[in-house]
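Here's the structure, in structure tokens; my notes come after.
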Amino acid sequence: MRGITGTNQRNGAGHAGEPWRISIQDLSGFTLGAGIFLGEYTALTCAHVLSDDPEADPSGLRVRVRFVGLTGQPCVAATVVREGWVPQTAAGGDVALLRLAEQPAVPGAPLCHTRAVRDRTVHTYGFPEPHDNGVWVNNAELAGPAGEWVQLNSPLPGERVRRGFSGAGVIDKATGAVIGMVVTEYTDETTGLAFMIPTRVLTGYVPALAGFVAGELPDAPGTIMVLISDRHTAITSGFSEVVGDRAGRMLTLDTTGKSPREVSHRLEAERGRAQWPPTVALAAVDSSSQPERLLHEVVRPLLERGAQVIVQFSADNAPGAGIARDWQRDENAARLDRLRQLAAGFESEEDGVLVQARRLAKKIQPLPEFRPRSAELVLLLGAADADEPTRMHRRLTRIEDWMREQRDQLTVYQHELAAKAEEYDELRGQLSAYNAMAVRHGLMEDEELAEVYLPAKAALSARPCSLPDAVPLVHSYATAVRRKLART
């Protein structure tokens, strides 16, 4: 297993620290798409970048790999690893493992698994025409699973993930880890939608990739909350009141007189016994033997592992309390910034769905009702920014939960619109099929059938079409045709 050294130092715009970014070229130097250098002699891209033919013989596919982030690094010839050739089918796939002819002195991408994909902020680098040197898409958002793939929303307006990004690594903004590969774009130019194959799915298709996976990211970044109270109140009720019903399993430790090493040993013992990370509540931090060292050597690593940590101090000016408050403010600011980015993406996605609904409303009625919520989200975020740090933490948590609910409701609404459109298309197809059947059996001039067919056709041709009116008319025509044919 490869390490993930230095990953946390590359977040946001730390693009220069990603030398594993590659473009895939044909032997003439024409750019075909993007790819990920994994280390040693190995790289990864999409199968369709190399060939649109799923029946292609991978042994005949030869390409060049160019390291776009490194000046002076020569192109390297590469061939397809037969065991790593998984062309795209209706069931999934679209993976190609490459073996380079030479081993470049370049570190590989820090691949990581992640269970939690919804609402992660990511960036990626691709080669849409005419950008042979590549362009970034920053602050894209993972919207959630779509079968094996994960929906990837580009922020609009701005550069979006599109043709030329296939094969690119999807980089988690918070950690710098590569959590998947861009596989394709949605064809609607206005939506900014694309898809990612998560690392776990990639390794399922190509088991050899498992050796390049550094580990698993926590489901979410850790959080810190500061409680100012006396030690006894914190232990008996204060910690539970701070987190409410979101604590899960809570491990409470009284750090009075304890060294950072003693606290760390106790936590490691607990980690070996139970599901990790729990909520960790540390009482009397300012009464420990070394409060500031306890924060840096124990609390900070817990946060990096994704734990929820509550630290109790006797007063705002107690030793270490200022450091913990600063961390909480920084965390709140980062969460608020992330939520604002997600809100912008949600607004764009919501606008796209509403455009789709307006188009569909001109064709069919009635459509399900939907209340846009993106403007309300902006107001909630503005109000949260003025809160005291611990109250702001709780309010941001509520907003995150609320936003997930709204995203789920938007997805349900999309499915409802798609179901209405499908119902309309099925009615049109049914009417056409039964009419063709009647014609084939010499019933084109049948007056009784015409009396049923014409109202059904008129109902479906109306703009908008009333589905409740059209459904019984089409079914009546289908029944009439079956009865006529039964008599012949």
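Small disclaimer: the values here were computed from a predicted structure and weren't measured.
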* Structure fact -> Interatomic distance, CG@Leu50 vs CG@Asp94, rounded to 0.5 Å, equals 9.5 Å
* Structure fact -> CZ of Phe195 to CD of Gln151, rounded to nearest 0.5 Å, is 5.5 Å
* **Smallest separation among heavy atoms of His393 and Ile224, with atom names** => ND1-O, 4.0 Å
* Got Met437 and Arg440 here, is their nearest side-chain heavy-atom distance under 4.5 Å? -> yes
* Specify the closest pair of heavy atoms between Leu152 and Ala140, including all atoms of both residues, with the distance to one decimal. => CD1-CB, 3.9 Å
* Asked: Does some side-chain heavy atom of His113 sit less than 4.5 Å from a side-chain heavy atom of Thr203?
  -> yes
* Residues Glu40, Leu100; criterion side-chain contact (heavy atoms from CB on, under 4.5 Å); working and verdict -> CA-CA 9 Å; Glu40 300 174 358; Leu100 278 59; over 6 Å; no
* Asked: Are any of the side-chain heavy atoms of Trp20 and Pro107 separated by less than 4.5 Å?
  -> no
* Rounded to the nearest 0.5 Å, how far does CZ of Phe37 lie from CG of Leu44? -> 12.0 Å
* Asked: Do Gln88 side-chain atoms and His48 backbone N/O form a donor-acceptor pair below 3.5 Å?
  -> no
* Give the minimum heavy-atom separation between Ala194 and Val161, together with the two atoms involved. => CB-CG1, 3.5 Å
* Does atom CZ of Arg483 have more than 12 heavy-atom neighbours from other groups under 6.0 Å away? -> no
* Asked: Under a 4.5 Å cut-off applied to non-hydrogen side-chain atoms, are Pro368 and Tyr413 in contact?
  -> yes
* Asked: Taking C-beta and beyond as the side chain, do Val170 and Val182 meet within less than 4.5 Å on heavy atoms?
  -> yes
* Asked: CD/Gln365 to CG/Leu360 distance, rounded to the nearest 0.5 angstrom?
  -> 8.5 Å
* Just do the side-chain contact (heavy atoms from CB on, under 4.5 Å) check on Glu83 and Val206 with the steps written out, would you? => CA-CA 7 Å; Glu83 295 77 14; Val206 184; over 6 Å; no
* For Tyr453 and Lys457, what are the C-alpha separation, side-chain angles and deciding distance, and is it a side-chain contact (heavy atoms from CB on, under 4.5 Å)? -> CA-CA 6 Å; Tyr453 172 74; Lys457 182 180 179 181; 3.5 Å; yes
* Structure fact -> Heavy-atom nearest pair, Val183 first then Ser166, reads O-OG, 3.1 Å
* **Min side-chain heavy-atom separation Glu350-Leu377 under 4.5 Å** => no
* Asked: So, do Tyr434 and Tyr477 have ring centers that fall under 6.0 Å from each other?
  -> no
* Gap between atom CG of Leu38 and atom CD1 of Ile22 - 0.5 Å precision -> 8.0 Å
* To do: Could you tell me whether Asp57 and Arg82 have a side-chain N and a carboxylate O separated by less than 4.0 Å?
  => yes
* Tell me, do Phe370 and Glu416 make a side-chain contact under 4.5 Å, heavy atoms counted? -> no
* Atom pair CG (Leu142) and CD1 (Ile179), whose distance is rounded to the nearest 0.5 Å -> 5.0 Å
* Quick one: closest heavy-atom pair of Leu467 and Lys420, and the distance? => CD1-CD, 3.9 Å
* To do: List the steps and the verdict of side-chain contact (heavy atoms from CB on, under 4.5 Å) for Arg463 and Lys363.
  => CA-CA 5 Å; Arg463 287 296 180 267; Lys363 184 188 295 186; 4.1 Å; yes
* Look at atom CZ of Arg428 and say whether more than 12 heavy atoms of other residues, nucleotides or ligands are closer to it than 6.0 Å. => no
* State, to 0.1 Å, how close Arg62 and Ser59 come at their nearest heavy-atom pair, and which atoms those are. => NH1-O, 3.0 Å
* Examine distances only and state if a side-chain atom of Thr124 and a backbone atom of Gly169 form a donor-acceptor pair shorter than 3.5 Å. => yes
* Asked: Do Asp53 and Ser51 have side-chain atoms, one donor and one acceptor, less than 3.5 Å apart?
  -> no
* Asked: For Ile197, does its backbone N or O pair with a side-chain atom of Arg200 as donor and acceptor, under 3.5 Å?
  -> no
* Asked: With a 4.5 Å limit on heavy-atom distance, are the side chains of Thr199 and Thr114 in contact?
  -> no
* Can you tell which of Thr223, Thr397, Asp330 makes a side chain to side chain donor-acceptor pair (under 3.5 Å) with Arg335? -> Thr397
